Structures are given as structure tokens and as C-alpha cells.
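Being a predicted model, the structure only gives us computed values, none of them experimental. Counting starts at 1 for both ligands and their atoms, following the listed order.
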Amino acid sequence: MTKPYDLRSLYPEEVKEILKEKGLEAWRTDQIFSWLEKGVRSFEEMTNLSKKLREELDELFFISNMTDADRLISKIDGTEKYLFTLPDGEYVESVLLSYKHGYSVCLSTQAGCKMGCSFCASTKAGFTRDLSAGEILLQMVEITRIKRQDDPAFRIGHLVLMGIGEPLDNYDNVIRFLRLCNRKELFGISFRNMSLSTCGIIPRIRDLMQEDIPLTLSISLHASNSALRSKLMPVNRRYPLKELLAVCKEYTRVTGRRISFEYALIAGVNDTPKEARELIGLLSGFMNHLNLIPVNPTKETSFTPGTRRAVEAFAQSLQRGGLNATVRRTLGQDIEAACGQLRREKKH
Ligand code: SAH
């Protein structure tokens, strides 16, 4: 029998409602959720529920699971990369980063990506499907379960949607995921400790500003003018730079949250004094932060990061121009922590 409900993608009150409707013990909902957060894979393991109830639940609800195919730990900085496998054979990459203020996870939102950015490994292995809200959450569940085997006090404090996929191209599932892991019954992560990165799907940015989810929005900018951006990022042909920046201003006005821009520095392509001048012109007066990231070379492109000095010089010229620009420390370089690289290896 196919099971009608995907348990990991449901809010506690939805589960409660279903149980009530079926005449089952709805007051057990909190117990069910605390098992889910602990990382159980089946109702069988929810040992404080009666056997009869477990069987009834098992007929109603499907629990999504995945296996951990690979776990790489950086010798340089302890960053951990996970490659999980879903039952349909799809790969999901997630990264665990350790900072002074605690642990942060970088999660994938789709199996692959349709956006086609020229410098990005995630898009090269193609797009297969969206991840469900429960499958996005499952990455946190699995990492927590694995880490707690050694450290019972382990908890995730921050999350960023900067893994494989374009979060705003899987809008409903991503919004549901964000609300789910904000719930005290699950991870209870505050929206202010969440970031969402997008290549700039304008109508969905507009939708997001109406959700009352005060997360940090990151925009993948990567170019200082529209012609260059269209070359690097096909999405710019549909949603051009000027309109994107206008919607960013609107986002800040409506939500009161500042936007963070991502700029991958590619030697000789977008890191010359001309681009620095253009960026200053483009972003002055914005309440924002610009993250400069030396591009991570991928196999399919000849893109390379500039020297450390060139990167610093670029940052300094932006700072002199009044921009709040910093060079992002790259973590996990020895384990290909930049997302998309492991999945692509497996798909070939
Ligand atoms: N689709 C979303 C989130 C996923 S990518 C987005 O476009 O924002 C997370 C970040 O890594 C994005 O800013 C993306 O542009 C950047 N990125 C992708 N490939 C990269 C590479 N080779 N080097 C540096 N940054 C890269």
C-alpha cells in the first residue's frame, strides 16, 4: 500500500490533525517529533509508542531516509563534507562547518541545478529533481545523528542554503523546510541564524519578502555589469542586474534586513580595476555586505582565482570606494567542500 503522507515534510499541527482524523493518539505528536529529530529511521524505533500505534502510523506515513555514502574531513580546518544517497539513487551533498560561535551546515535544496552558471560544478552534472522539505531537513537530522555518536551535546546553530541547487527554484519546499527547522519540536533554529543564497530569481525574492521569515538573503552577484553577468550566469538574461538590484533595495526596505552579495573572483574576468569601479557605482548607498571569494577552479572551466595579492588589492579598492567588502576565508579546500564537486564525480 502506498503511504499517503511524507512525515518529515509535515508540521507538527498537520500530523496532529491527521492523527485526530484517524482516531489515533494525537497527543503523541511531540514524542514522534522528538524521535524524528533524534534521527530514527522507522516507527519501529519509536519505542515509547505502543506496537499497535507504531503499525498504524506506519500505514499512514512514509519516512524519507538516505544512506551516507561518503564523509570527508578536512585536515586543514575540520570542515566535514557529507555525500548522502537517496533511495532513488540521487546524491545530496552537505557541509558541516565549525566556527567559534558553533556549528553551521550548508545544505542542498535540489538534486542538481538548472541555472547553468559557468563557474559552478553543481550545474554540470545536470538537474534531476527537487528535494522535498523533509529531504532538506534530513541532511541536518543525519549530520546530527552521526556527530552525536561522538559528541552527545552536538547541535547545529546556523544553516545556509548554499549547497547544490537554486533554493528559490524549489520555493514551496524550501519555505516549508525553513519553517520546519525553526520549530521547537525540531531544531528550533532562529530565522536570524539562517541564510539563503540565490542567483536572483526576482519574482521569488518578492514572494520571500512577504513570508515574515527574517533570514539573511545572499545574492550571487559575480559580475559588475549586466553583459558580463549574462555571460557568467544565464539567469541574468531573464532577470537582469538592474532589476535584481532594484528588488534587493525593496527587500531591505520591506524586511529591514541587509543583503549580502557573493562575488567569486575570477582572474582576468571580473577582478580588474574596471570591475572594482563598476561595483562601487552599483552598490554604493546600499545597506549591504560584499563577500569576495577566490573562485574555486572546477574541471570544466579554465577559470582560476587571482593571487592572494590581487584578491587583497581588489578588496582594498572596494573598501576605499566605501563598500563593506571582505575576503571570505575558504574552508575545506582539501576535501572539495565547494558543493557539486562530489555529486558530479559520482554521476560520471
Ligand atoms: N543557487 C544558489 C546557491 C548555491 S551556490 C546561488 O546561486 O546562490 C552557493 C554559492 O557558491 C553561490 O554564490 C555560487 O555562485 C557560488 N559558487 C558556485 N561555484 C563556485 C566556484 N567555482 N567558486 C566560487 N563560488 C562558487
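Note that the CG atom of Asn182 and the CD1 atom of Ile189 stand 9.0 Å from one another [nearest 0.5 Å]. A distance of 9.5 Å separates CG in Leu138 from CG in Leu131, rounded to the nearest 0.5 Å.
For Arg204 and Tyr171, the side-chain atoms include no donor-acceptor pair closer than 3.5 Å. No hydrogens or angles considered: a donor-acceptor pair under 3.5 Å links the side chains of Thr128 and Glu90. Looking only at atom types and distance, the side chain of Arg257 has a donor-acceptor partner in the side chain of Thr216 under 3.5 Å away.
The shortest N or O to N or O distance between Gly165 and ligand 1 is under 3.5 Å. Below 3.5 Å of separation, one finds an N or O of Asn296 facing an N or O of ligand 1. In terms of N/O distances under 3.5 Å, ligand 1 is not approached by Met162.
Looking at Pro305, Ser220, Pro294 and measuring to atom 13 (O) of ligand 1, the nearest heavy atom belongs to Ser220. Which of Ser197, Cys106, Pro297 comes nearest to atom 10 (C) of ligand 1 through a heavy atom is settled by distance: it is Ser197.
Atom NZ of Lys231 has 12 or fewer neighbouring heavy atoms from other residues, nucleotides or ligands inside a 6.0 Å radius. In Glu44, the CD atom is not crowded: 12 or fewer heavy atoms of neighbouring residues, nucleotides or ligands sit closer than 6.0 Å.
Ligand 1 places these atoms under 4.0 Å from at least one heavy atom of Cys199: 6 (C), 7 (O), 8 (O). The ligand atoms of ligand 1 that sit less than 4.0 angstrom from a heavy atom of Glu262 are 13 (O). Contact atoms of ligand 1 toward Cys120: 18 (C), 19 (N) (distance under 4.0 Å to a heavy atom of the residue).
The backbone and the side chain of Glu166 each have at least one atom closer than 4.0 Å to an atom of ligand 1 (non-hydrogen atoms only). Of all the heavy atoms of Thr198, the ones lying under 4.0 Å from any atom of ligand 1 belong exclusively to the backbone.
Residue Ala121 places every heavy atom at 4.0 Å or more from ligand 1. Within the structure, ligand 1 has His222 among the residues with a heavy atom less than 4.0 angstrom away. Not close to ligand 1: Ser218, with no non-hydrogen atom less than 4.0 angstrom away.
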Which is it for Phe84 and Tyr91 under the ring pair (Phe, Tyr, Trp, His ring centres under 6.0 Å) test, yes or no, and what are the steps along the way?
CA-CA 6 Å; Phe84 298 109; Tyr91 295 106; over 10 Å; no
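Residue Glu275 comes nearest to Ser224 through the heavy atom pair CG-OG, 3.2 Å, listed as atom of the first residue, atom of the second, then distance.
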